[in-house]
Amino acid sequence: MLDLKLIRKEPDKVKELLSRRDTSLVAKIDQIIAIDIEHRAALQEKQELETKRNQLSKEVGAKKSQGQTADTEMQELAQIKSKMQAISDKEPDLFNQQIAILEGIPNLPAEDLIVGANEEANQEISKWGEIPNFNFTALEHDEIGKNLDILDFERGVKIAKSRFTLIQKHGAKLERALINFFLDQASQNGYRECVPPILVNSTSLYGTGQLPKFAEDVFKVENEDLYLIPTAEVPLTNIYRDEILSEDDLPIYLCAYTPNFRSEAGSASKDTRGIIRQHQFNKIELVKLCKAEDSAEEHEKLTNNAESLLQALKLPYRKMLLCTGDMGFGASKCYDLEVWFPGQAKYREISSCSNFGDFQARRAQIRFRRDSKSKAELVHTINGSGLAVGRTVAAILENYQNQDGSVNVPEVLRPYLGDLEKIEA
RNA sequence: GGAGAGAUGGCUGAGUGGCUGAAAGCGAUUUCCUGCUAAGAAAUUGACUGGGUUUUACCCUGGUCCGAGAGUUCGAAUCUCUCUCUCUCCGCCA
């Protein structure tokens with residue numbers, strides 16, 4: 001959520017930055033400012049009435065305790081009360097209108113981003129690794145997985161529904177090996193390993209920005225205020241919700257392996273084959289809470305942490321800096337890591353590393369104090385995948401495939417698989 | 001699932017209608033004191049927010065907040081109702 005004070009103070013700057021994302025947002029800022037003026041007038045009026053009420057009530061109390069009557073004061077109070085009725089309905093109403101609009105406004109993009117409407121304007125920052133040159137026709141991962149009997153799409157659908165897949169045998173082992181490898185790496189990089197709840201309440205989803213705007217993207221538990229997490233970012237970021245940390249606590253590095261659940265509403269015919277886009281998938285998430293002045297550097301470091309995993313697995317990838325129009329709702333700056341899929345002959349996102357600035361921290365009220373005298377300040381939050389496990393499995397199947405249908409195991413994973421070198425049917 | 005108890009500031013914990021934004025203790029900060037440390041003394045110490053002042057900061061002056069929401073009352077941490085959560089015991093269970 002944007003800072004209302006910033007909107008008041010520098011409306012033109014806010015509008016200019018938001019228009020880089022989407023020009024239609026400018027009107028919303030104007031709306032907020034208009035309501036804000038009205039709201040503050042109403043608030044002032046209400047507070048003046050409250051002041052009077054408090055004064056008179058005190059006088060009534062004083063008189064009554066001395067056995068005197070206080071009819072004049074009581075009459076005046078009755079008048080004030082009826083005036084307050086109207087205003088005390090209006091004031092919170094205006095405030096709620098303001099918040100409702102504010103909740104739907106995305107974060108300001110960082111000033112140095114390329115302005116663009118969609119992924120076509122994203123900027124390639126770097127490329128790593130060599131694209132494998134097969135002397136046979138490379139298969140796509142779903143084909144390879146079926147042939148090896150490690151991906152069972154039909155039965156996944158039977159058990160649940162479409163976009164659910166049964167992973168088994170060496171596929172399941174590979175999945176587990178990756179989870180362990182990623183967690184070990186995260187630990188080495190200083191991240192605190194967590195096993196958080198994977199059902200969270202609506203307040204937590206609000207804190208990270210999934211609610212209220214993106215309610216249709218998450219699965220909700222019936223008759224409970226609980227949702228399946230779409231990413232471990234939600235529970236991890238919310239660990240310190242409504243808390244004031246001390247400066248020494250920062251930066252905080254957190255990581256967790258969790259399954260993630262997404263309804264994929266609106267992506268009906270996208271990626272229907274394979275395990276690229278599933279309702280349930282495993283991911284290791286990296287989260288950082290830090291001071292404002294450190295967030296740019298911490299963001300770079302977190303992205304490097306994610307990149308180093310692809311490098312260790314020797315998977316070719318490119319690093320994209322997202323343009324203003326392609327970024328997620330809460331991000332102010334975002335790198336996507338895209339891994340090469342030889343079967344599909346294209347790069348696909350495998351990690352998204354975002355700096356949220358204070359956008360999430362304001363919603364979740366995560367603050368810190370520099371010393372005992374200073375005011376509480378919002379932290380900055382940063383997160384990224386390190387990495388999406390299912391997509392890594394898919395990438396390994398495609399990049400490490402052999403002509404005979406077998407798949408080599410990346411060297412770095414062999415210790416995790418009892419020194420297995422090759423997955424064969 | 002059944003029965004009961006409870007929810008107050010960074011923490012412990014008083015407070016059953018006005019003198020309570022909140023006793024007391026702990027912790028923290030500042031100052032004083034002893035040659036350092038330890039001990040001791042004093043003061044300060046919640047969050048959010050409107051307005052004034054202001055480059056900020058500081059300051060001044062209001063308002064709201066004692067789990068959440070609604071109600072009673074001139075006045076609610078305190079009374080009533082609804083909800084949420086926590087704890088204890090019993091039952092069930094990985």
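First the proteins, then the strands, lettered A, B, ... as listed; each starts at 1. Fair warning: this is a prediction, and the values are worked out from it, not measured in the lab.
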Would you classify [X] as touching base, sugar-phosphate or nothing, given that sugar-phosphate means primed atoms plus P, OP1 and OP2, and contacts are heavy atoms under 4.0 Å?
{"X": "A/Arg8", "result": "sugar-phosphate"}
{"X": "A/Lys52", "result": "nothing"}
{"X": "A/Glu50", "result": "sugar-phosphate"}

Which whole-number value in Å describes the distance from [X] [atom1] to [N] [atom2]?
{"X": "A/Leu94", "N": "B/rG50", "atom1": "CG", "atom2": "C1'", "value": "14 Å"}
{"X": "A/Lys83", "N": "B/rC74", "atom1": "NZ", "atom2": "C1'", "value": "16 Å"}
{"X": "A/Glu243", "N": "B/rA47", "atom1": "CD", "atom2": "P", "value": "16 Å"}
{"X": "A/Lys81", "N": "B/rU73", "atom1": "NZ", "atom2": "C1'", "value": "7 Å"}
{"X": "A/Lys5", "N": "B/rU54", "atom1": "NZ", "atom2": "P", "value": "19 Å"}

Should the ring pair [X] and [Y] be called parallel, tilted or perpendicular, given that the plane angle runs from 0 to 90° and is split at 30 and 60?
{"X": "A/Phe329", "Y": "A/Phe359", "answer": "perpendicular"}
{"X": "A/Tyr416", "Y": "A/Phe181", "answer": "perpendicular"}
{"X": "A/Tyr253", "Y": "A/Tyr191", "answer": "tilted"}

Take atom [atom1] in [N] and the same atom in [M], then report the distance between them in whole Å.
{"N": "B/rA94", "M": "B/rA5", "atom1": "P", "result": "31 Å"}
{"N": "B/rU78", "M": "B/rU72", "atom1": "P", "result": "15 Å"}
{"N": "B/rA41", "M": "B/rA47", "atom1": "P", "result": "27 Å"}
{"N": "B/rA22", "M": "B/rA77", "atom1": "C1'", "result": "8 Å"}
{"N": "B/rC85", "M": "B/rG67", "atom1": "C1'", "result": "7 Å"}
{"N": "B/rU49", "M": "B/rG10", "atom1": "P", "result": "16 Å"}
{"N": "B/rU61", "M": "B/rC74", "atom1": "C1'", "result": "24 Å"}
{"N": "B/rC66", "M": "B/rG21", "atom1": "C1'", "result": "9 Å"}

Test item: side-chain donor near acceptor, [X] and [Y], under 3.5 Å:
{"X": "A/Thr208", "Y": "A/Glu233", "answer": "no"}
{"X": "A/Thr231", "Y": "A/Lys283", "answer": "yes"}
{"X": "A/Gln168", "Y": "A/Asp152", "answer": "no"}

Taking the side chain of [X] as heavy atoms from C-beta outward, which of [options] is closest to it?
{"X": "A/Leu77", "options": "B/rG50, B/rC74, B/rG62", "value": "B/rC74"}
{"X": "A/Asn54", "options": "B/rG18, B/rC48, B/rU64", "value": "B/rU64"}
{"X": "A/Arg369", "options": "B/rA47, B/rU49, B/rG63", "value": "B/rA47"}
{"X": "A/Gln44", "options": "B/rC74, B/rG46, B/rG51", "value": "B/rG51"}
{"X": "A/Leu43", "options": "B/rC74, B/rC48, B/rU49", "value": "B/rU49"}
{"X": "A/Gln47", "options": "B/rG18, B/rA47, B/rG62", "value": "B/rG62"}

Is [N] paired to anything, Watson-Crick or G-U wobble with both distances less than 3.5 Å, and if yes, which nucleotide?
{"N": "B/rU82", "answer": "B/rA68"}
{"N": "B/rA76", "answer": "none"}
{"N": "B/rG40", "answer": "B/rC32"}
{"N": "B/rG25", "answer": "B/rC11"}
{"N": "B/rU56", "answer": "none"}

Collect all protein-nucleotide pairs involving nucleotides 80-87 of chain B in which both atoms are nitrogen or oxygen and the distance is under 3.5 Å.
none

Any chance NZ of A/Lys158 has more than 12 other-residue heavy atoms, nucleotides or ligands included, within less than 6.0 Å?
no
Does [X] have a side-chain nitrogen or oxygen under 4.0 Å from the phosphate oxygens OP1 or OP2 of [N]?
{"X": "A/Arg53", "N": "B/rG62", "value": "no"}
{"X": "A/Lys58", "N": "B/rC19", "value": "no"}
{"X": "A/Arg40", "N": "B/rG62", "value": "no"}

Start at the 5' end of RNA chain B and walk down; is the nucleotide closest to A/Gln55 or to A/Val60 reached first?
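That would be A/Gln55.
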Which residues satisfy the ring-ring contact (aromatic ring centres under 6.0 Å, His included) test with A/His141, sequence neighbours excluded?
none
Given A/Glu377, which of A/Lys291, A/Arg369, A/Arg370 fulfils the side-chain hydrogen bond (donor to acceptor under 3.5 Å, both in side chains) condition?
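Going through the options one by one, the only one that passes is A/Arg370.
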